[in-house]
2 protein chains.
Amino acid sequence: MTQNETLVYQLLCDADRPLSAYNILDALRDKGIRAPLQVYRALAKLVERGAVHRIESVNGFVACQLHDCGGSEVSIFMLCNQCERANEFTDTSIDSRLQSLGNDRGFQAAHKVIEITGLCADCQTAQTTVQKH
Amino acid sequence: MTQNETLVYQLLCDADRPLSAYNILDALRDKGIRAPLQVYRALAKLVERGAVHRIESVNGFVACQLHDCGGSEVSIFMLCNQCERANEFTDTSIDSRLQSLGNDRGFQAAHKVIEITGLCADCQTAQTTVQKH
DNA sequence: TCAGTGATGTTATAATATAACATGACTGTT
DNA sequence: AACAGTCATGTTATATTATAACATCACTGA
Ligand SMILES: [Zn+2]
Ligand SMILES: [Zn+2]
Ligand SMILES: [Zn+2]
Ligand SMILES: [Zn+2]
């Protein structure tokens with residue numbers, strides 16, 4: 001792993017939510033990262049190798065939470081609109097069903113995106129509490 | 001439906017692939033649409049009402065292909081990287097499995113995104129043909 | 001020494017999306 | 001008619017996300 005990749009990857013591992021490329025740029029300015037391209041290049045490599053995932057719904061990036069996604073199963077993300085936390089899961093049933101849905105139509109899948117946005121359990125109770133006042 | 005919404009919706013219905021907001025802007029300049037905001041406002045309404053879907057993977061928009069998505073089931077898009085066509089499906093099994101995956105964790109889902117990118121059947125055969133030369 | 005390769009750095013620019021403010025059209029009420 | 005309320009519209013400026021183009025540097029193996 002190169003210098004810049006290490007910096008970006010460490011930052012993402014420490015973060016508790018998806019970061020945008022420019023979030024990363026700002027956070028790493030004093031570590032020698034000065035231009036967007038340095039971040040995007042590192043991200044491209046990390047994503048390619050499965051260490052990091054791009055979250056399409058928020059134009060952000062997270063470190064993989066499942067043993068570097070060695071497995072080939074599709075990742076499912078639950079994204080809280082309030083606390084912004086992202087949780088990664090896999091599900092064999094969804095994966096195989098999606099696979100056959102493509103096969104039925106002769107579609108050769110290269111990449112699959114499954115993202116659910118909404119309110120996580122914590123933020124729901126927090127909101128209920130506020131409403132009680 | 002307002003004037004601008006109608007213009008944008010008709011254009012999307014006629015298109016055979018997802019269009020970006022700026023694609024739409026360019027196409028409708030001579031119909032009186034002059035600024036990005038006019039497009040984005042129309043799109044927001046159309047998406048809210050289910051007549052149009054946003055495709056996160058390509059930052060584009062398509063008209064709903066399934067009776068205006070009156071049904072509550074999640075839409076599944078297959079996106080060809082080559083011809084750029086987008087096809088919309090639903091699948092009861094995936095929808096319910098995804099639902100329970102959220103329920104198990106107390107997650108209150110607001111929006112679900114399922115997108116598969118790759119090569120459609122047509123473009124695969126086209127590519128094979130080319131390789132034979 | 002030298003060519004080849006991949007990482008880096010830098011500047012400029014493209015593509016996508018929203019903020020802020022002003023105006024216009026319509027509705028129902030007084 | 002006069003007025004307030006609401007929603008659609010228009011316009012300018014700006015924020016956010018992503019890539020193009022070009023120059024340089026560090027390492028590796030002839
Ligand atoms: Zn993963
Ligand atoms: Zn939350
Ligand atoms: Zn639909
Ligand atoms: Zn195709």
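Protein chains get the first letters and strands the later ones, always in sequence-line order, with residue 1 at the start of each.
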Residue pair B:Ala86 / B:Val62: nearest heavy atoms and the distance that separates them: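 Looking at all heavy atoms of both residues, the shortest contact is CB-CG1, 4.1 Å.
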Quick check: is B:Leu37 connected to B:Leu46 through a chain of hydrophobic side chains (ILVMFWY, heavy atoms under 4.5 Å apart)? no
Determine whether A:Val74 and A:Phe107 fall in the same hydrophobic cluster, where Ile, Leu, Val, Met, Phe, Trp and Tyr are linked whenever their side-chain heavy atoms lie under 4.5 Å apart. yes
Validation row: B:Val52, B:Val8 side chains within 4.5 angstrom (heavy atoms):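 No; the side chains remain at least 4.5 Å from each other.
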Non-hydrogen side-chain atoms of B:Ile76 and B:Glu115 separated by less than 4.5 Å: no
Under 4.0 Å from OP1 or OP2 of D:dG10: is there any side-chain N or O of B:Gln38 that close?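 For D:dG10, OP1/OP2 do have a side-chain N/O of B:Gln38 under 4.0 Å.
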Touch class at under 4.0 angstrom, heavy-atom based, for A:Ala35 against every strand present: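 The residue A:Ala35 makes base contact.
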With the stacking rule set at 5.5 Å and 30°, tell me whether A:Tyr40 counts as stacking on D:dT19. no
For DNA chain C, whose closest nucleotide is more 5', that of A:Ile33 or that of A:Pro36? A:Ile33
Please tell me which of A:Arg41 and B:Asn59 maps to the more 5' nucleotide of DNA chain D, matching each residue to the nucleotide holding its nearest heavy atom.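 The 5'-side residue here is B:Asn59.
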Measure from NZ or CZ of B:Arg49 to the centre of the six-membered ring of B:Tyr9 and say whether it is under 6.0 Å with the direction within 45° of the ring axis. no
Students should find this one: the first and last nucleotides of DNA chain C, 5' to 3', lying under 4.0 Å from a heavy atom of chain B. What are they?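 Answer, 5' to 3': C:dT16 to C:dA20.
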I'd like a list of close polar pairs between nucleotides 5-8 of chain D and the protein, N/O only, cut-off under 3.5 Å.
{"from": "D:dA8", "atom 1": "OP2", "to": "B:Lys45", "atom 2": "NZ", "distance (Å)": "3.1"}

Without hydrogens or angle criteria, can the side chains of A:Asp95 and A:Thr92 be said to hold a donor-acceptor pair below 3.5 Å? no
